[in-house]
Protein chains: 2
Amino acid sequence: MSLSYAMLGILSYGPRTGYSLKKVFDKSISQVWVASLSQIYRELSVLEKKGYVCSTIQKQDDRPNKRIYNITGAGELAFQEWLQDFPDKLSYPLRDGFMLRIFFGSKLEKEELIIQFERFISQKKAYLKVLEEIESTFNVYCNEFSSESPEKDQLFWNFTIKRGKMTLKTVIRWAEECVEQLGKYED
Amino acid sequence: MSLSYAMLGILSYGPRTGYSLKKVFDKSISQVWVASLSQIYRELSVLEKKGYVCSTIQKQDDRPNKRIYNITGAGELAFQEWLQDFPDKLSYPLRDGFMLRIFFGSKLEKEELIIQFERFISQKKAYLKVLEEIESTFNVYCNEFSSESPEKDQLFWNFTIKRGKMTLKTVIRWAEECVEQLGKYED
DNA sequence: AGGATCATGTAACCGGTTACATGATTAC
DNA sequence: GTAATCATGTAACCGGTTACATGATCCT
C-alpha cells in the first residue's frame, strides 16, 4: 500500500508522532498523496505489527502524551524496495465528479454551466495561489524537515509543486476556453 | 454514488446491457470516470432494486442471453437531480504512486530517475495519440450513441477530450523539463 | 489451435471516508 | 467565550479491485 510507504518515507527523515506525520502530509506530500488522521493512526499500528516502525511514549504535563514513532532497519529496507519498484503503468485511474457532469452537459442549462465553470476557475486560481505561497516558503520548510541534504530534497519537492502549478494553469485556461465556446454556442 | 449516476446518464440515451454499458465507459466516459464490469453488474442490480432501471431478458440462440436495462421515470429524475447538484469542492483528492516516488527522488539514483521520467513521457505520449484518435472518429461515434442532439453532445464530449489533451501535453512538458534539470544537477 | 469477443454474474478483500469519543491549552 | 491546536484512537460503512466461474462463437 502506497500510504504506508509514504509514511515510512517521511519517518526516514526522523521520528514523528501520528499527529505530526499528518502535518507533513498536509504541508508537502498532500500534493501527491492525501491522508486523513484516522488512516495514519490505523496504518501506524499496522506498521508497528510488521516491525517497520517502533514507538515510545513521551509523557507531557501540559499537553497530551505523545507516541513517537521511529523507523526500523526493516522499515528502511521495505521503503527502499518500494521506492525502486516503479509500477509498469505510471498513470492512475481518474474519477472526477465535476467532469462527469460536464460530460452530460447537454442536459444542463447553458447559464448554469457557465456559473459552474466560473466556480471551477476561481477554485483552481485559489489553489494556485496556495501552491505559490508554499513554493515561496519552501526553503524554510526544507531546512526544518530535511536534515541531511535540504537542497537535493528541494529539487524534487519543487518538481511536484511545479507539476501542480503547470496543470492548474492549464485547466484554468481550459475552463476559460470552454466558457468562451459556450458563450458562442446557440442551440 | 457517482458511478450509478454515470450509468443512469448513459442509459438515458437508450437501453443497454451491462456489457455494452462497459463499452460506452471505455470509449468515452473513461476519460472522466473509469468502471469495471463487476462494478457495473453489481451497481445495476442495486439500481433495479431502487426502481431506477428495469430489465428484460432477450433470448439469443448463437450468443449468451442479454439482460437489457431501461431507465425508469424515477431514474431519469434521480439523474437530473444529481446532475444539477454540483458539489461545493470541484476538485478531487489526488493519489499518484509515480509522483510519490518522485517526491522521495533524493533517495534514488539520478540515472534510474531519468529512465522513469522517459517511461512516463512515452506513456503519456501514447495516451495522447489514443485521445487524438478518439477525437478524429468522434462524430461517427456521436451519431451512433447519441440519438437526440449529437452535435450538442459532441461539444461537451470534446470539452472532456480537450482537457485530457491539454493536461497530457502539459505533463509531458513538465517531465521533459524535469529531465533537463536533472541532467544539469550535480550532487 | 488459440486468443478475442460476447455475456453474466458472485465473493472476498482492501483501503479510504465519516462519525464517534475525550479533553486540555492557547490565542483572538 | 470560542475557535483552533495538540493528541490519540476505534468502528462502521462504502466503493473499488481482484479472483473465480462458465461457455459459445468468431477471427487469424
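In this text the structure is predicted, and so the values were computed from the model without any measurement. Chain letters run A, B, ... following the sequence lines, proteins first, then strands; residues in each count from 1.
- The residue among A:Ser2 and B:Tyr69 whose nearest nucleotide of DNA chain C lies closer to the 5′ end is B:Tyr69.
- Between the B:Ser28 side chain and the B:Phe25 main chain, no donor and acceptor come within less than 3.5 Å of each other.
- If you check C:dG16, C:dT8, D:dT8 against the side chain of A:Lys66, the one that comes closest is D:dT8.
- In this structure, A:Lys107 is positioned above the aromatic face of B:Tyr13, its NZ or CZ under 6.0 Å from the six-membered ring centre and within 45° of the axis.
- For B:Phe120, the ring-ring contact (aromatic ring centres under 6.0 Å, His included) partners two or more places apart in sequence, or in a different chain, are B:Phe98, B:Trp174.
- A:Leu37 places its CG atom 9 Å from the P atom of D:dT8, with the value rounded to the nearest Å.
- With respect to A:Glu133 and A:Lys129, no salt bridge is recorded, no charged nitrogen being found less than 4.0 Å from a carboxylate O.
- Between B:Lys59 atom NZ and C:dT8 atom P there is a gap of 15 Å when expressed in whole angstrom units.
- Using a 3.5 Å distance cut-off with no hydrogens or angles, the side chains of B:Lys66 and B:Ser20 do not pair a donor with an acceptor.
- Distance CG (A:Asn65) to P (D:dG9): 10 Å, rounded to an integer number of Å.
- Atom OH of B:Tyr92 is separated from atom C1' of D:dG16 by 17 Å (rounded to the nearest Å).
- Side-chain nitrogen and oxygen atoms of A:Gln60 include none within less than 4.0 Å of the OP1 or OP2 phosphate oxygen of D:dC6.
- Atom NZ of B:Lys27 sits in a sparse spot, with 12 or fewer heavy atoms from other residues, nucleotides or ligands closer than 6.0 Å.
- Under the 3.5 Å distance criterion, with hydrogens and angles disregarded, no donor-acceptor pair is assigned to the side chains of A:Gln80 and A:Glu76.
- Distances were taken from every side-chain heavy atom of A:Met1 (C-beta onward) to each of D:dG9, C:dG16, C:dA7; the shortest belongs to C:dG16.
- Protein atom CG of A:Leu44 is 9 Å distant from nucleotide atom P of D:dT8, rounded to whole Å.
- Checking side-chain atoms of A:Arg163 against main-chain N and O of B:Ala175 turns up no donor-acceptor pair under 3.5 Å.
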Pairs: protein N or O with nucleotides 17-20 of chain D N or O, under 3.5 Å:
unit_1	atom_1	unit_2	atom_2	d
D:dT17	OP1	A:Arg95	NH2	3.2
D:dT17	OP2	A:Arg95	NH2	3.1
D:dT18	O4	B:Ser38	OG	2.9

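- Residue A:Leu3 is the one, among A:Leu3 and A:Pro64, whose nearest nucleotide of DNA chain C lies closer to the 5' end (criterion: closest heavy atom).
- When rounded to the nearest whole Å, the span between CG of A:Leu47 and P of C:dG15 equals 12 Å.
- A side-chain donor from one of B:Arg119 and B:Gln116 sits under 3.5 Å from a side-chain acceptor of the other.
- The nearest whole Å value for the distance from the CD1 atom in A:Ile68 to the P atom in D:dT8 is 9 Å.
- Near-neighbour residues of DNA chain C inside residues 7-33 of chain A, defined by a heavy atom below 4.0 Å, number-ordered: A:Trp33.
- The nearest whole Å value for the distance from the CD atom in B:Glu43 to the P atom in D:dG15 is 7 Å.
- You'll find that the side chain of A:Arg67 is closest to D:dG9, out of C:dT8, D:dG9, C:dA7.
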